[in-house]
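This report concerns only the one structure given below.
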Amino acid sequence: MTQPTANSNATSLETIFNQSTSSLNSFAPRLLDWFAENGRHDLPWQQHQTDKPNPYIVWLSEVMLQQTQVTTVLPYFARFMTSFPTVQDLAAAEWDTVAEHWAGLGYYARARNLHKGAKQLVAVIDETGDFPQTLAGWETVSGVGPSTAGAIMAMGLHRYGVICDGNVKRVLTRWAAIDGDITKSATTKDLWALAERLTPIENSGLFAQAMMDMGATLCTRSKPACLLCPLKDDCLAHAEGRETDYPVKAKKQPKPSKFSNALLMEDIDGNILWLQRPDNGIWGGLWSLPLQFVEKIDGKASGQTTAKKPDASDNKKLEVRSSEKVYEAEFTTAEQIIHEWLTENQLVAASTSSTLLDDDPIKHSLTHFHWYLTPQKLTINAKQMTKLNEKLAAAEIAFKWLSEQKAQDSLGLPRAMIKIIER
DNA sequence: CTCCAGGAAA
DNA sequence: TTTCCTGGAG
């Protein structure tokens, strides 16, 4: 039987989605049935079984889950909820306490935005008596973008909200065989339109939960469990056996490599110097050993499979480069001060003697470069330490002399620093 | 080992 | 469009 005219019109309007109206309409019921039967209902931040959802819990967990898997987030979430049971507790906390709680989760701008967002939310609550109730209201909170705001609306307030995160994009590009590059804004726009078309007005929270569960447990990047999928009958990628061809993403360019020395500067009491990094840039707001830039190599090191090991000649290179542009680009203010102080004290030149002890580099890969960090130990006498402390204090640098153990226990240290001190 | 995924901000 | 980090898969 042919479709009535009204439906034909609807179908033609929806051809950008590559799917029939009946498939589009039955998507949500199929997904929700699957979720009720097979989804995860015991995650500590889920609010779908209560009539009084807690937006703080959903906001906190969604920010943590932004670029991080559930199993990684679980212990961090538990510790945050113990230390900061309410948004007021989080807003009132010291930044260093928040940083220490977040340390190891990565993408530390999320932690800074979370702390800032808590203060913003407390201001809204003090003024209106409640959390923001609109999508636009949530999007003004630092660290909350379109998808997180939709998740909070749907799951944290039980209002209408649409999500379109990485899980959703993987499910939808496969189901509708959307072969545009998902890093392009045009494809993102199409995927949002499709997500909105599929999200039911009622139960958008359950739908969001179900989509994330689908993407995380069934429609995985590799080896998707299509036989268990409630969408397999009209999944266009599955029909062609091309599930893993989606989502389409432009190939990434090779990463450059950077080489730095990580200084273990030990005073006479055996304490080590730690610096708080600036808010912007890598490990923003966290604590690190002083790093000294050595050199940068573009792209893949040609034919070189093992890490280059910076030696005394590289330190000479540093001296030459220190007057060039790269100097300011690669050093924080604190590290420039330390570099000058090292030079004054002729400690750099001593690297070939027993004063600086070379060690194997630690490899730490970030989004857009590989970082080879070579730990170097040097002992500082009391007079040198006093002079250095004066210089750092004059520049208003946050610094601490702490044992490795105390630093690990009390400071927010990124993983790379843990790798170094666990040597 | 290498490669990959993932939201928001700037 | 580029910049943020880490854990897990291959």
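A, B, ... follow the sequence lines: proteins, then strands. Residue 1 opens every chain.
For A/H364 and C/dC5, the shortest distance from a side-chain N or O to OP1 or OP2 is not below 4.0 Å.
Applying the side-chain contact (heavy atoms from CB on, under 4.5 Å) criterion to A/P132, with sequence neighbours excluded, gives A/L121, A/V124, A/W138. Partners of A/R415 according to the salt bridge (charged side-chain N to carboxylate O under 4.0 Å, His left out) rule, which considers only residues two or more places apart in sequence or in another chain, do not exist here. A/S61 is linked by a side-chain contact (heavy atoms from CB on, under 4.5 Å) to A/W45, A/L65, A/F77, counting only residues two or more places apart in sequence or in another chain.
Just one of A/I380, A/L289, A/I338, A/D267 meets the side-chain contact (heavy atoms from CB on, under 4.5 Å) condition when paired with A/L273; it is A/I338.
Mapping A/L105 and A/Q253 onto DNA chain C by nearest heavy atom places A/Q253 at the nucleotide closer to the 5' end. Residue-to-nucleotide proximity on DNA chain C shows that, of A/F369 and A/S185, the 5′-proximal contact is made by A/S185.
Note that A/K363 lies outside the cation-pi zone of A/W371, set by a 6.0 Å cut-off to the ring centre and a 45° limit from the axis. Judged by the 6.0 Å and 45° rule, A/K258 forms a cation-pi pair with A/F369.
Atom CG of A/D360 is separated from atom P of B/dC1 by 11 Å (rounded to the nearest Å). Note: CG (A/N280) to P (C/dC4) measures 9 Å, nearest angstrom.
Closest to the A/S222 side chain, of the nucleotides C/dC5, C/dG8, C/dA9, is C/dA9. Here C/dG10 is the nucleotide among C/dG10, C/dT3, C/dT1 with the atom lying nearest to any side-chain atom of A/K223.
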Fill in the blank from the handout: Per-nt protein contacts along nucleotides 4-10 of chain B (heavy atom under 4.0 Å; B base, S backbone sugar-phosphate only, - none) come out as SSBBSS-
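Of the residues in residues 412-421 of chain A, not one comes within less than 4.0 Å of DNA chain B through any heavy atom.
Applying the side chain to side chain donor-acceptor pair (under 3.5 Å) test to every pair with at least one member in residues 110-125 of chain A, sequence neighbours left out, gives these pairs: A/T68-A/R110, A/Q120-A/S142.
Taking CE of A/M212 as the start and CG of A/L43 as the end, the distance is 9.0 Å to the nearest 0.5 Å.
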